[in-house]
Amino acid sequence: MPIIGEADRDALRQQFEESLDRDVTIKLFSESEIRSMLTIPGRTANPMAKLAKDLAEELAELSPKIKLEMYDVHGDGVEAARAMGIDRTPAYVLGDDPEGRLRFYGTPVGNEFATIIATVEALSQNTPHLSSNLIAAMERLIEAPVHIQVFVTPT
Amino acid sequence: MARAAHAFAMANPHISATVVEVEEFPELAQRYRVMGVPKTVINETAEFTGAVPDELFMTAILQALGKQANESNEQPET
(Lines give C-alpha, C1' and ligand atoms only; values in the text may rest on other atoms or scores of the structure.)
Protein backbone atom coordinates (compact mmCIF):
# COMPACT_ATOMS: atom_id res chain seq x y z
CA MET A 1 0.00 0.00 0.00
CA PRO A 2 1.65 3.24 -1.11
CA ILE A 3 2.14 6.06 1.36
CA ILE A 4 1.39 8.77 -1.19
CA GLY A 5 -2.17 8.32 -2.47
CA GLU A 6 -2.79 7.89 -6.17
CA ALA A 7 -4.44 11.28 -6.69
CA ASP A 8 -1.58 13.03 -4.87
CA ARG A 9 0.98 11.11 -6.91
CA ASP A 10 -0.63 12.21 -10.17
CA ALA A 11 -0.85 15.82 -9.01
CA LEU A 12 2.77 15.84 -7.85
CA ARG A 13 4.01 14.24 -11.06
CA GLN A 14 2.36 17.02 -13.02
CA GLN A 15 3.59 19.69 -10.62
CA PHE A 16 7.19 18.43 -10.82
CA GLU A 17 7.07 18.36 -14.60
CA GLU A 18 6.61 22.10 -14.52
CA SER A 19 8.46 23.07 -11.38
CA LEU A 20 11.65 21.01 -11.54
CA ASP A 21 14.52 22.37 -13.56
CA ARG A 22 17.79 20.60 -12.84
CA ASP A 23 18.39 17.28 -11.09
CA VAL A 24 18.11 17.16 -7.30
CA THR A 25 19.77 14.52 -5.15
CA ILE A 26 18.12 13.14 -2.04
CA LYS A 27 20.41 11.07 0.15
CA LEU A 28 18.64 8.85 2.65
CA PHE A 29 20.76 7.62 5.53
CA SER A 30 19.03 4.73 7.20
CA GLU A 31 19.43 1.27 8.60
CA SER A 32 19.00 -1.71 6.34
CA GLU A 33 15.52 -3.18 6.68
CA ILE A 34 16.78 -6.52 7.94
CA ARG A 35 18.89 -4.89 10.58
CA SER A 36 16.04 -2.65 11.65
CA MET A 37 13.90 -5.73 12.30
CA LEU A 38 16.51 -7.41 14.45
CA THR A 39 16.65 -6.77 18.12
CA ILE A 40 20.26 -6.21 18.95
CA PRO A 41 21.08 -6.15 22.66
CA GLY A 42 21.81 -2.61 23.75
CA ARG A 43 20.26 -1.11 20.63
CA THR A 44 16.72 -0.18 19.82
CA ALA A 45 15.41 -1.34 16.49
CA ASN A 46 14.22 1.52 14.31
CA PRO A 47 10.70 0.83 13.04
CA MET A 48 10.80 3.98 10.94
CA ALA A 49 13.51 2.67 8.64
CA LYS A 50 11.11 0.98 6.23
CA LEU A 51 8.67 3.88 6.17
CA ALA A 52 11.48 6.34 5.47
CA LYS A 53 12.80 4.20 2.63
CA ASP A 54 9.38 3.60 1.07
CA LEU A 55 8.55 7.29 1.19
CA ALA A 56 11.88 8.27 -0.40
CA GLU A 57 11.38 5.72 -3.17
CA GLU A 58 7.85 6.89 -3.85
CA LEU A 59 9.03 10.49 -4.03
CA ALA A 60 11.85 9.63 -6.44
CA GLU A 61 9.38 7.81 -8.68
CA LEU A 62 7.49 11.05 -9.24
CA SER A 63 10.18 12.67 -11.37
CA PRO A 64 13.26 11.49 -13.28
CA LYS A 65 14.96 14.64 -11.96
CA ILE A 66 14.83 13.41 -8.36
CA LYS A 67 17.87 11.22 -7.82
CA LEU A 68 17.70 9.02 -4.73
CA GLU A 69 20.83 7.69 -3.08
CA MET A 70 20.49 5.34 -0.13
CA TYR A 71 23.11 4.74 2.50
CA ASP A 72 23.07 2.07 5.17
CA VAL A 73 24.71 3.67 8.17
CA HIS A 74 25.84 0.28 9.42
CA GLY A 75 27.06 -0.84 6.00
CA ASP A 76 28.17 0.94 2.85
CA GLY A 77 27.08 4.33 4.20
CA VAL A 78 29.36 4.45 7.23
CA GLU A 79 31.95 6.70 5.64
CA ALA A 80 29.44 9.05 4.02
CA ALA A 81 27.53 9.39 7.29
CA ARG A 82 30.72 10.10 9.19
CA ALA A 83 31.86 12.66 6.63
CA MET A 84 28.60 14.59 6.99
CA GLY A 85 28.24 14.06 10.72
CA ILE A 86 24.96 12.19 10.37
CA ASP A 87 24.29 10.94 13.87
CA ARG A 88 20.65 9.88 13.63
CA THR A 89 18.48 7.91 11.24
CA PRO A 90 16.46 8.17 9.20
CA ALA A 91 18.14 11.29 7.81
CA TYR A 92 17.31 12.88 4.49
CA VAL A 93 20.03 15.10 3.04
CA LEU A 94 18.70 17.34 0.30
CA GLY A 95 20.88 18.57 -2.55
CA ASP A 96 24.51 18.09 -3.51
CA ASP A 97 26.22 20.07 -0.77
CA PRO A 98 29.23 17.99 0.35
CA GLU A 99 28.58 18.93 3.98
CA GLY A 100 24.91 18.02 3.69
CA ARG A 101 23.75 21.36 5.10
CA LEU A 102 20.06 20.81 4.30
CA ARG A 103 18.70 17.94 6.37
CA PHE A 104 15.58 16.36 7.67
CA TYR A 105 15.85 13.97 10.60
CA GLY A 106 12.89 11.63 10.78
CA THR A 107 10.25 10.70 8.24
CA PRO A 108 8.64 13.67 6.50
CA VAL A 109 5.01 12.64 6.57
CA GLY A 110 2.00 14.92 6.97
CA ASN A 111 2.70 18.63 6.73
CA GLU A 112 6.41 18.08 6.59
CA PHE A 113 6.14 16.26 3.29
CA ALA A 114 5.33 19.68 1.83
CA THR A 115 8.59 21.00 3.31
CA ILE A 116 10.58 18.36 1.46
CA ILE A 117 8.74 19.15 -1.77
CA ALA A 118 9.29 22.89 -1.41
CA THR A 119 13.01 22.40 -0.72
CA VAL A 120 13.41 19.96 -3.62
CA GLU A 121 11.75 22.50 -5.93
CA ALA A 122 13.88 25.38 -4.64
CA LEU A 123 17.07 23.33 -5.12
CA SER A 124 16.01 22.27 -8.58
CA GLN A 125 15.33 25.89 -9.55
CA ASN A 126 18.50 26.96 -7.72
CA THR A 127 16.41 29.71 -6.12
CA PRO A 128 15.89 30.06 -2.38
CA HIS A 129 12.50 31.63 -1.80
CA LEU A 130 13.75 34.65 0.10
CA SER A 131 13.76 38.33 -0.78
CA SER A 132 16.85 39.59 -2.61
CA ASN A 133 17.33 42.16 0.17
CA LEU A 134 17.51 39.44 2.76
CA ILE A 135 19.95 37.36 0.70
CA ALA A 136 22.16 40.44 0.27
CA ALA A 137 22.01 41.18 4.00
CA MET A 138 23.00 37.60 4.76
CA GLU A 139 26.00 37.85 2.45
CA ARG A 140 27.09 41.02 4.23
CA LEU A 141 26.47 40.02 7.81
CA ILE A 142 26.89 36.28 8.17
CA GLU A 143 30.54 35.32 8.33
CA ALA A 144 30.47 32.63 11.00
CA PRO A 145 28.84 29.21 11.09
CA VAL A 146 25.12 29.23 11.85
CA HIS A 147 23.35 26.00 12.70
CA ILE A 148 19.57 26.16 12.61
CA GLN A 149 17.46 23.39 14.07
CA VAL A 150 13.71 23.42 13.53
CA PHE A 151 11.67 21.00 15.60
CA VAL A 152 8.40 19.90 14.05
CA THR A 153 5.66 17.29 14.43
CA PRO A 154 4.09 15.39 11.54
CA THR A 155 0.56 16.85 11.82
CA MET B 1 9.89 27.53 9.60
CA ALA B 2 11.30 24.31 8.25
CA ARG B 3 11.06 25.58 4.70
CA ALA B 4 12.55 28.96 5.59
CA ALA B 5 15.44 27.30 7.42
CA HIS B 6 16.27 25.26 4.33
CA ALA B 7 15.98 28.40 2.18
CA PHE B 8 18.40 30.25 4.48
CA ALA B 9 20.88 27.38 4.22
CA MET B 10 20.53 27.36 0.44
CA ALA B 11 21.15 31.07 0.25
CA ASN B 12 24.24 31.21 2.45
CA PRO B 13 27.12 28.71 2.70
CA HIS B 14 27.73 29.49 6.39
CA ILE B 15 24.27 28.24 7.32
CA SER B 16 23.21 24.66 7.90
CA ALA B 17 19.58 23.74 8.59
CA THR B 18 18.32 20.55 10.17
CA VAL B 19 14.61 19.89 10.51
CA VAL B 20 13.84 17.36 13.26
CA GLU B 21 10.64 15.38 13.54
CA VAL B 22 10.45 15.34 17.32
CA GLU B 23 8.11 12.40 17.73
CA GLU B 24 10.84 10.18 16.31
CA PHE B 25 13.53 11.77 18.46
CA PRO B 26 11.98 12.45 21.86
CA GLU B 27 15.41 12.79 23.43
CA LEU B 28 16.01 15.87 21.27
CA ALA B 29 12.60 17.27 22.19
CA GLN B 30 13.61 16.92 25.80
CA ARG B 31 17.10 18.31 25.37
CA TYR B 32 15.79 21.42 23.59
CA ARG B 33 12.69 21.73 25.77
CA VAL B 34 10.29 21.62 22.86
CA MET B 35 6.91 22.50 24.34
CA GLY B 36 5.35 23.71 21.10
CA VAL B 37 6.13 23.47 17.40
CA PRO B 38 7.65 24.68 15.26
CA LYS B 39 10.48 25.48 17.62
CA THR B 40 13.63 26.97 16.14
CA VAL B 41 17.02 26.86 17.83
CA ILE B 42 19.99 28.74 16.37
CA ASN B 43 23.55 27.84 17.42
CA GLU B 44 22.20 26.61 20.75
CA THR B 45 22.00 30.26 21.83
CA ALA B 46 18.87 31.82 20.29
CA GLU B 47 15.46 30.25 20.02
CA PHE B 48 11.83 30.99 19.31
CA THR B 49 8.59 29.05 19.05
CA GLY B 50 6.01 29.54 16.32
CA ALA B 51 6.14 30.88 12.80
CA VAL B 52 7.81 34.25 12.18
CA PRO B 53 8.46 36.29 9.03
CA ASP B 54 11.84 35.77 7.32
CA GLU B 55 13.09 39.16 8.53
CA LEU B 56 12.55 38.21 12.18
CA PHE B 57 14.20 34.87 11.55
CA MET B 58 17.20 36.80 10.23
CA THR B 59 17.16 38.99 13.35
CA ALA B 60 17.31 35.87 15.52
CA ILE B 61 20.27 34.57 13.48
CA LEU B 62 22.11 37.85 13.97
CA GLN B 63 21.34 37.75 17.68
CA ALA B 64 22.80 34.25 17.85
CA LEU B 65 25.94 35.66 16.21
CA GLY B 66 26.05 38.56 18.66
CA LYS B 67 25.33 41.17 15.99
CA GLN B 68 23.05 44.17 16.06
CA ALA B 69 19.68 43.21 14.66
CA ASN B 70 19.18 46.55 12.91
CA GLU B 71 22.27 46.04 10.75
CA SER B 72 20.14 43.96 8.43
CA ASN B 73 18.15 47.08 7.57
CA GLU B 74 21.12 49.05 6.29
CA GLN B 75 20.06 48.93 2.68
CA PRO B 76 16.36 49.59 2.25
CA GLU B 77 14.86 48.65 -1.06
CA THR B 78 14.99 51.45 -3.62
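Naming convention: chains lettered A, B, ... in sequence-line order (proteins, then strands); numbering from 1 in each chain.
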Structural part of B:I15 lying under 4.5 Å from a heavy atom of chain A: both
Any idea which of B:E47, B:H14, B:E44 has the most non-hydrogen atom pairs under 4.5 angstrom with chain A? B:H14
With side chains defined as the heavy atoms from C-beta onward, is the minimum distance between A:H129 and A:E121 less than 4.5 Å? no
Chain B contact via A:Q149 - side chain, backbone, both or neither, heavy atoms under 4.5 Å: both
Could you tell me which of B:A29, B:A64, B:A46, B:A11 has the largest number of non-hydrogen atom pairs under 4.5 Å with chain A? B:A11
Does the gap between the ring centers of B:F48 and B:F57 come in under 6.0 Å? yes
Using heavy-atom distances under 4.5 Å, tell me whether A:A114 contacts chain B through its side chain, its backbone, both, or neither. both
Using non-hydrogen atoms and a 4.5 Å limit, figure out which bit of B:L65 sits close to chain A: side chain, backbone, both or neither. side chain
What part of A:L123 gets closer than 4.5 Å to chain B, counting heavy atoms only: side chain, backbone, both or neither? both
Contact class of B:V41 relative to chain A, heavy atoms under 4.5 angstrom: both
Any side-chain heavy-atom pair from A:S19 and A:Q125 closer than 4.5 angstrom? yes
Which atoms of A:E99 approach chain B - backbone, side chain, both or neither, heavy atom under 4.5 Å: neither
Are the side chains of A:I66 and A:F16 in touch, meaning some heavy atoms are under 4.5 Å apart? yes
Structural part of A:T107 lying under 4.5 Å from a heavy atom of chain B: both
Ion pair present between B:E27 and A:R88, side-chain N to carboxylate O less than 4.0 angstrom? yes
Per-residue contact mode, A:I135 against chain B (heavy atom under 4.5 angstrom): side chain
